[in-house]
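Read the structure below first, then the notes.
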Amino acid sequence: MRAVRWHGKKDVRVDNVPDPEIVNPRDAIIKVASTAICGSDLHLYDGMIPSMQAGDILGHEFMGEVVALGRGVTNLKIGDRVVVPFTIACGQCFFCEKTLTSLCDNSNPADNQDLAEASMGHSPSGLFGYSHMLGGYAGGQAEYVRVPFADTGCFKVPAHLTDDQVLFLSDILPTGWMGAENADIESGDTVAVWGAGPVGQFAIRSAFLLGAERVMAIDHRPGRRALAAEAGAGTIDFENVDVMAALAETTGGRGPDRCIDAVGMEAHGLAIDNIVDRGKQAVGLGTDRPHVLRQAIVACRKGGTISMPGVYGGLVDKLPMGAFVNKGLTLKTGQTHVHRYMAPLLARIENGEIKPDVIISHRLSLRDAPGAYDNFLNNQDEFTKVVLQP
């Protein structure tokens, strides 16, 4: 089969590789119908995530048809159309029973858990196509993919909805929703969202559905700001506007009630702290660029909440902890517990409250993946979301 493989920093290729096989009784093999490049895939493309190995198959947003089943999977049948969460969950451990599926104890193999524990203290769940620290699983940017714990992970979707409508249940729609949910939005709140990429777009739309009166989207890409404005958000171009002053003016000096960091570890901009972060990265003295998190802490109103769906991979410094503590802020984070949100979000798609396909800018063939990665990184005003079809 053909698959998109990582061969090093900014080196992605479409290669021929062996087809996946059933390994464990709870496995399924999925023939991929649609897959996508996620913003967090760009962290891999940029070489920011440790423990990647040359030849790793990328991709964690995918859906398709069940073509083979292990003997332990009894709730699926050959031919079922399914979407697969990017977080892999056993469904039976302490964390899965609490619906904290991105923290599953059993989906990251023991030899890889050592790497995760050294970095994070405890291992989260395994992820598709996202480093050996997080399981070393082959991803879904391929013609076929093996899905472990398929009886828990394969979510059946109805035939009357298109692939474009349901594909993003695999990651970015639940991620944007959980980002807004973690912000503890109350009716009438003003919410500031840093980053109007795909996750930010869904966080904006989710914030309104959860009761926000006003949402401000902060991004330097005109196309992304336009898409946010279509959802009803006000916009701030951080390259030409003082973000702190604009948010203060918008809120009468009080600051946003809720702040959402939908950017993560590779914040852009020419603020002095970001320039220092880039320099430290260049010489191996730093990992992440947390400019947005710093700004959100300072901007947020006293007693407010900061939600952080943006991905961070290592250590950050120069955080304004004095502001964080003395303003009485709350910070909520985490990889998305996708399994928890798939059914309720599917219902919102079916009743027309959420239209996920509005963010798609390009539908390309799998063979176009190398160019699509480059464009998604460097031409983000035009390439808002890329869907690949094998």
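Quick caveat, the model's predicted, so the values are computed rather than measured. This chain uses plain numbering: 1 for the first residue, then up along the sequence.
Between E143 and T35, the closest side-chain pair of non-hydrogen atoms is not below 4.5 Å. F383 is not listed as a side-chain neighbour of N378, based on a closest heavy-atom distance of 4.5 Å or more. Within the 4.5 Å cutoff, the side chain of T101 has no heavy atoms near those of the S125 side chain. Side-chain contact between Q389 and L366 is absent, with no heavy-atom pair separated by less than 4.5 Å. Annotation: side chain of L388 is in contact with side chain of I37 (closest heavy-atom distance under 4.5 Å). Counting heavy atoms from C-beta on, the side chains of H160 and E350 come closer than 4.5 Å. Between H60 and T87, the closest side-chain pair of non-hydrogen atoms is not below 4.5 Å. Looking at heavy atoms from C-beta onward, R146 lies in side-chain contact with Y137 at the 4.5 angstrom threshold.
Atom CG of L247 and atom CZ of R254 lie 13.0 Å apart (nearest 0.5 Å). Atom CE of residue M178 and atom NE2 of residue H337 lie 4.0 Å apart, to the nearest 0.5 angstrom. Between I57 atom CD1 and R5 atom CZ the span is 6.5 Å, to the nearest 0.5 Å. Considering CH2 of W194 and CD1 of I218, their distance stands at 4.0 Å, rounded to 0.5 Å. To the nearest 0.5 angstrom, L345 atom CG is 7.0 Å from S206 atom OG. For the atom pair S40 OG and Q335 CD, the distance stands at 7.5 Å (nearest 0.5 Å).
Of the possible polar contacts, one joining the K327 side chain to the I297 backbone as a donor-acceptor pair under 3.5 Å is found. Counting only distance, with no hydrogens or angles, the side chain of T152 and the backbone of C90 share a donor-acceptor pair below 3.5 Å. With hydrogens and angles disregarded, a donor-acceptor distance shorter than 3.5 Å links the side chain of R340 to the backbone of T99. At least one donor-acceptor pair under 3.5 Å links the side chain of W6 to the backbone N or O of L44. With hydrogens and angles ignored, the 3.5 Å screen pairs a side-chain donor or acceptor of D19 with a backbone N or O of M1. Not one N or O on the side chain of R363 forms a donor-acceptor pair closer than 3.5 Å with the backbone of D164. Using a distance-only test at 3.5 Å, with no hydrogens or angles considered, no donor-acceptor pair links the side chain of R258 to the main chain of G304. Between the side chain of D27 and the backbone N or O of V23 there is at least one donor-acceptor pair closer than 3.5 Å. In this structure a side-chain-to-backbone donor-acceptor pair under 3.5 Å is present from Q141 to A36. Looking at T162, its side chain does come within 3.5 Å of a backbone N or O of Q165 through a donor-acceptor pair.
No path of Ile, Leu, Val, Met, Phe, Trp and Tyr side chains, each step under 4.5 Å between heavy atoms, connects Y130 with V145, placing them in separate hydrophobic clusters. Under the 4.5 Å side-chain contact rule for hydrophobic residues, V298 and V292 do not share a cluster. Clustering ILVMFWY residues whenever any of their side-chain heavy atoms sit less than 4.5 angstrom apart, transitively, puts V199 in the very cluster that holds L331. In this structure, I236 is a member of the same hydrophobic cluster as V263, with clusters built from ILVMFWY side-chain heavy atoms closer than 4.5 Å. Linking Ile, Leu, Val, Met, Phe, Trp and Tyr residues whenever their side-chain heavy atoms come within less than 4.5 Å places V387 and Y373 in a single cluster.
Between F376 and Y45, the gap from one ring centroid to the other reaches at least 6.0 Å.
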- Message: Using side chain to side chain donor-acceptor pair (under 3.5 Å), reason through H362 and N375 one step at a time and then give a plain yes or no.
- Response: CA-CA 11 Å; H362 292 76; N375 278 305; over 6 Å; no

- Task: Using the side chain to side chain donor-acceptor pair (under 3.5 Å) rule, take Q380 and R224 through it: C-alpha gap first, then chi angles, then the decisive distance, then the call.
- Result: CA-CA 8 Å; Q380 292 183 3; R224 289 182 169 187; 3.3 Å; yes

- Message: Please evaluate residues D151 and T74 with respect to the criterion side chain to side chain contact (heavy atoms under 4.5 Å, CB included), reporting the C-alpha separation (whole Å), side-chain torsions for both, the decisive distance (0.1 Å), and the verdict.
- Response: CA-CA 7 Å; D151 49 349; T74 59; over 6 Å; no

- Does the pair L209 and R348 meet the rule for a side chain to side chain contact (heavy atoms under 4.5 Å, CB included), with working shown? CA-CA 10 Å; L209 289 171; R348 289 181 182 269; 4.2 Å; yes

- Message: Between V243 and M216, is the side chain to side chain contact (heavy atoms under 4.5 Å, CB included) condition met? List the steps.
- Response: CA-CA 10 Å; V243 173; M216 301 299 296; over 6 Å; no

- Tell me, with the steps shown, if V147 and C154 meet side chain to side chain contact (heavy atoms under 4.5 Å, CB included). CA-CA 8 Å; V147 177; C154 288; 4.0 Å; yes

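Shown are N182, I260, V193; of these, the side chain to side chain contact (heavy atoms under 4.5 Å, CB included) with P309 is made only by I260. Y312 pairs in a side chain to side chain donor-acceptor pair (under 3.5 Å) with only one of the listed residues (D261, D288, T333), which is D261.
Of all the heavy atoms in G303 and L329, the pair that sits closest is N-CD2, 4.1 Å. Contact detail for C93 and D105: the closest heavy-atom pair is SG-N, 3.4 Å. Residue V32 comes nearest to P390 through the heavy atom pair O-CG, 3.5 Å, listed as atom of the first residue, atom of the second, then distance. For the residue pair L134 and P124, the shortest heavy atom distance occurs at CD2-CG, 3.6 Å.
By the 4.0 Å N-to-carboxylate-O rule, D11 lies close enough to R13 to be salt-bridged with it.
Sequence neighbours left out, the pairs with a member in residues 373-387 that pass salt bridge (Lys or Arg N to Asp or Glu O under 4.0 Å) are E61-K385.
Heavy atoms of other residues, nucleotides or ligands lying less than 6.0 angstrom from NZ of K156 number more than 12. At most 12 heavy atoms of other shown residues, nucleotides or ligands fall within 6.0 angstrom of atom NZ in K302.
Ring geometry for F202 against F168 counts as tilted: the plane angle lies between 30° and 60°, on a 0 to 90° scale.
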